Peer 1: 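Please read through the structure below; I'll follow up with questions.
Owing to the predicted nature of the structure, the values given are computational and were not obtained by experimental measurement.
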Amino acid sequence: MPPALVRLRPSTEGEAALPRLYRPEEIAEALGCSAWWVKDRARRTLIPHVRVGRAYRFTAEHFAEIVRLNEERPTRSPGGAAAVPAATTPPVARARASQPRRPTAASTTGRLRARPPRRTRYESVA
């Protein structure tokens with residue numbers, strides 16, 4: 001007895017249609033980025049996706065979630081107070097903001113000086 005085949009198209013009105021799967025190129029075009037970026041993020045499991053064989057595919061729900069994941073909110077309200085508490089900002093941004101700025105070498109010395117050569121051009125060989 002052969003195995004039962006899965007119907008790809010609903011034959012009656014009561015059956016639910018299968019979701020459409022979008023290719024990385026289609027998602028990239030909608031987001032305005034490269035297909036490489038989409039595939040790289042999917043490979044590193046940073047964005048939701050479906051893996052069909054070796055191909056990455058995305059549903060409409062995945063696309064909406066990708067947009068939500070990459071959404072940025074303003075950090076300050078019009079009144080000047082912080083709109084988002086510090087706990088919701090990324091840890092890297094908090095770490096950079098908490099570190100004092102170090103003066104650069106050019107600003108502390110005023111002028112740049114050349115480093116002395118490691119050896120003279122014509123050394124006497126003794």
Side-chain angles (χ1 to χ4, degrees):
M1 188 167 178
L5 296 177
V6 177
R7 285 192 182 160
L8 297 178
R9 303 270 184 230
S11 60
T12 63
E13 294 178 19
E15 294 181 25
L18 295 175
R20 182 185 189 291
L21 296 177
Y22 297 93
R23 294 177 303 137
E25 293 80 13
E26 294 171 305
I27 297 296
E29 184 179 341
L31 293 174
C33 64
S34 68
W36 177 88
W37 183 89
V38 175
K39 292 176 192 176
D40 181 60
R41 296 296 166 129
R43 178 183 54 81
R44 294 191 290 159
T45 64
L46 296 174
I47 59 175
H49 65 280
V50 174
R51 187 82 185 249
V52 181
R54 295 179 66 185
Y56 299 107
R57 297 292 183 254
F58 305 88
T59 63
E61 291 80 19
H62 290 154
F63 177 71
E65 181 66 18
I66 292 167
V67 171
R68 278 193 295 275
L69 287 171
N70 291 293
E71 182 180 25
E72 290 188 24
R73 297 284 182 166
T75 56
R76 296 205 172 268
S77 65
V84 179
T88 60
T89 59
V92 175
R94 283 197 309 263
R96 271 194 231 126
S98 65
Q99 294 175 352
R101 292 195 63 136
R102 293 181 293 169
T104 61
S107 65
T108 58
T109 60
R111 289 186 55 138
L112 295 177
R113 292 186 309 179
R115 186 175 66 192
R118 293 184 185 175
R119 59 184 164 192
T120 59
R121 187 169 189 154
Y122 300 102
E123 290 184 278
S124 61
V125 179

Peer 1: Is there a continuous path of hydrophobic side-chain contacts, each under 4.5 Å between heavy atoms, that joins V52 to V38?
Peer 2: no

Peer 1: Return the minimal non-hydrogen interatomic distance between A42 and I47, and the atom names on each side.
Peer 2: N-CG1, 3.6 Å

Peer 1: Is there a side-chain contact between L31 and V67 (heavy atoms, below 4.5 Å)?
Peer 2: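 Touching, per the 4.5 Å side-chain cut-off.
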
Peer 1: Salt-bridge test for E71 and R68: reply yes if a basic N is under 4.0 Å from a carboxylate O, no otherwise.
Peer 2: no

Peer 1: Could you pull out all residues at least two apart from R51 that satisfy salt bridge (charged side-chain N to carboxylate O under 4.0 Å, His left out)?
Peer 2: none

Peer 1: Could you tell me which non-hydrogen atom of L69 sits nearest to which non-hydrogen atom of P48, and how far apart they are?
Peer 2: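 Scanning both residues, the minimum pair turns out to be CD1-CD, 3.8 Å.
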
Peer 1: Take atom CD of E29 as the centre, draw a 6.0 Å sphere, and report whether it contains more than 12 heavy atoms from other residues, nucleotides or ligands.
Peer 2: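 Atom CD in E29 is not packed in, count stays at 12 or less.
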
Peer 1: I'd like to know if the side chain of N70 and the backbone of I66 have a donor-acceptor N/O pair within less than 3.5 Å.
Peer 2: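 Yes: the side chain of N70 pairs with the backbone of I66.
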
Peer 1: Going by the ring-ring contact (aromatic ring centres under 6.0 Å, His included) test, which pairs reach into residues 38-70, not counting sequence neighbours?
Peer 2: H49-Y56

Peer 1: CZ of R20: more than 12 outside heavy atoms within 6.0 angstrom?
Peer 2: yes

